[in-house]
Number of protein chains: 2
Amino acid sequence: MRYSKEHKLETHARIVKKASARLREKGAHGIGVADLMKDAGLTHGGFYSHFESREALVIEAFTHAMDRSIENWRKTAAEKPPAQRLELIVTKYLTPAHRDAPAHGCAVPSLGADIARESPKTRKAFAAKLDEMIEMVAENFPESGPKTARRQAMASLSTMVGSLLMARIAGSGEMSDEILRAGRQAALGEAAPRKAATKAATKAPVRKTRGASVRVE
Amino acid sequence: MRYSKEHKLETHARIVKKASARLREKGAHGIGVADLMKDAGLTHGGFYSHFESREALVIEAFTHAMDRSIENWRKTAAEKPPAQRLELIVTKYLTPAHRDAPAHGCAVPSLGADIARESPKTRKAFAAKLDEMIEMVAENFPESGPKTARRQAMASLSTMVGSLLMARIAGSGEMSDEILRAGRQAALGEAAPRKAATKAATKAPVRKTRGASVRVE
DNA sequence: CCCGCAAGATGATCGTCATCATATAAGGCG
DNA sequence: CGCCTTATATGATGACGATCATCTTGCGGG
């Protein structure tokens, strides 16, 4: 073989990674194979030596996005003692930066409806990832039993996802920020108002680091 | 003119209505002009005498879906005394029936991401509708001041939308029902468990009334 | 150093889709 | 009753996109 052993794997990974961003940005049907390949620095020709079909790439890209979210949350959680983890996750999620950068954020608000339209078999795989997300968040409700923690995690996640989606519809004005604030408070269980976190997050700008795929959650 | 004055308007309305359902079902790019027209009992030819472009129909259809939701909630709310309205809205929203019938349900979970991808100008119009939804729900938090009610309405709506989206990803098994239950509880502000409502809603089947557009929220 | 192979590029094909030009026909009006 | 306007149908056009066949080229092995 004339290319280094991992060359193809690397290329494959790069295509998936770029596609994952672009699909979150444009939707599952919002961009074609040629553009996706161009985005990875290639032409459209070699596509079918990497993927069986466009559909296959879409599924891989969705999966990649969800995996990155989970991984990212784990890292975020590790930054703080257990008692503050939930707050950290929620406040990192519900920021204008995340709202304004769907390409680099959580896949559920941007692609959830498209995932829901996949075949039952495919959806089952995503349901498993969703379950992972839920369990990940549930670990950060230390004051409750496991059953309750799971319920609370589902509720908080729902609120996070729904707030982000609605904030994106609202654009980037005052109402949009208002939705984010309301979501933060609710996801944290209507705890006492957290002025500091709220203020800081609200004014966080969109980061842009030389085309690199920056997580904004 | 040789057709009755309202003939064209009726046809136009029928196209929008059907398209609104189909687009919720398949996504903004999930179905073509010809199929949308066929769905309204027409062929594709006359399309451009009704709409300037496909895009224009999509916008009209989105708008129609959101208007119907608002109208539907108003009706739902009127059924009960103020104290029970929120619960009624939430429990009607977070049912397996609604989850399984995106075509006849709320547009935000099914089309929210597509709406968020529209031009800022278009999005502004949808933001106004979203605001209407929020105010509508806020009216049903009688125990709070207007500012708080608005925040709570945003939070409840977010939870409702996010739960439905996640429940759709999860499919229709136990986990999906679990998400709906968690969402109901959270959206109602962690009030005392409401066994009756919860049970009844969970087993409600998908209604199907001879192709008519049945609201399931 | 050259050979052979596979990664990726080029370019063709076929189907689908939005849009538009023209044809048909329905039915109110004279 | 027949005509004329206009809603809808038929059919064309052009663009685009997924897929595939074939060519090019870089490099690891000999």
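Below, chains carry the letters A, B, ... as their sequence lines are ordered, and counting in each starts from 1. FYI, side chains are in, hydrogens and waters are out, and symmetry mates aren't considered; it's all heavy atoms of this structure.
Taking atom CG on B:Leu9 and atom P on D:dT8, their separation rounds to 10 Å, with Å as the unit. If you take CG of B:Leu42 and P of D:dA7, they are 13 Å apart, rounded to a whole angstrom. Summarising the geometry, the separation between NE2 on A:His12 and C1' on C:dA6 is reported as 17 Å, rounded to the nearest angstrom. Between B:Lys26 atom NZ and C:dC17 atom C1' there is a gap of 15 Å when expressed in whole angstrom units. Between the C1' atom of C:dC17 and the CE atom of B:Met37 lies a distance of 14 Å, rounded to the nearest Å. D:dA7 atom P lies 13 Å from atom CD of B:Glu10, rounded to whole Å. What separates CG of A:Asp35 from P of D:dT19 is a distance of 15 Å, to the nearest Å. Rounding to whole angstrom units, NE2 of residue A:His29 and C1' of D:dA18 are separated by 14 Å.
Minimum heavy-atom separation, B:Lys92 to B:Thr95: O-OG1, 3.6 Å. Of all heavy-atom pairs spanning B:Phe141 and B:Ser156, the tightest one is CZ-OG, 3.5 Å.
Applying the side-chain hydrogen bond (donor to acceptor under 3.5 Å, both in side chains) test to residues at least two apart or on different chains, the pairs with a partner in residues 31-42 of chain A are A:Arg22-A:Asp39.
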Ignoring hydrogens and angles, write down the donor-acceptor pairs under 3.5 Å from the side chains of residues 70-77 of chain B, residues two or more places apart or on other chains.
unit_1  : atom_1 : unit_2   : atom_2 : d
B:Trp73 : NE1    : B:Glu217 : OE1    : 3.0
B:Thr76 : OG1    : B:Asn72  : O      : 2.9

Please list every donor-acceptor pair under 3.5 Å in which a side-chain atom of residues 160-176 of chain A meets a protein atom from a residue at least two apart or in another chain.
unit_1   : atom_1 : unit_2   : atom_2 : d
A:Ser163 : OG     : A:Thr159 : O      : 2.7
A:Ser163 : OG     : B:Ser158 : OG     : 3.1
A:Arg168 : NE     : A:Arg99  : O      : 3.0
A:Arg168 : NH2    : A:His98  : O      : 3.0
A:Glu174 : OE2    : A:Arg181 : NH2    : 2.9
A:Ser176 : OG     : A:Arg99  : NH1    : 2.8
A:Ser176 : OG     : A:Ala167 : O      : 2.8
A:Ser176 : OG     : A:Gly171 : O      : 3.1

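Within residues 48-57 of chain A, the residues approached by DNA chain D to less than 4.0 Å at the level of any non-hydrogen atom are A:Tyr48, A:Ser53, A:Arg54, in residue-number order.
Not a single salt bridge (charged side-chain N to carboxylate O under 4.0 Å, His left out) links A:Arg85 to another residue, sequence neighbours left out. With sequence neighbours excluded, the residues forming a side-chain contact (heavy atoms from CB on, under 4.5 Å) with A:Thr63 are A:Ile59, A:Asp67, A:Phe126, A:Lys129, listed by chain and number. In this view, A:Ser20 and A:Arg24 satisfy the side-chain hydrogen bond (donor to acceptor under 3.5 Å, both in side chains) rule, not counting sequence neighbours. Partners of B:His12 according to the side-chain contact (heavy atoms from CB on, under 4.5 Å) rule, which considers only residues two or more places apart in sequence or in another chain, are B:Val16, B:His50, B:Phe51, B:Glu60. Under the side-chain hydrogen bond (donor to acceptor under 3.5 Å, both in side chains) criterion, B:Ser53 pairs with no residue, sequence neighbours left out. Among residues two or more places apart in sequence or in another chain, the side-chain hydrogen bond (donor to acceptor under 3.5 Å, both in side chains) test is passed with B:Arg123 by none.
Note that the two end axes of the helix from C:dC1-D:dG30 to C:dG30-D:dC1 enclose an angle of 0°, each drawn from 5 base pairs, rounded to 10 degrees.
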Mind listing the N/O atom pairs, protein and nucleotides 10-15 of chain D, below 3.5 Å?
unit_1 : atom_1 : unit_2  : atom_2 : d
D:dG11 : O6     : B:His44 : NE2    : 2.7

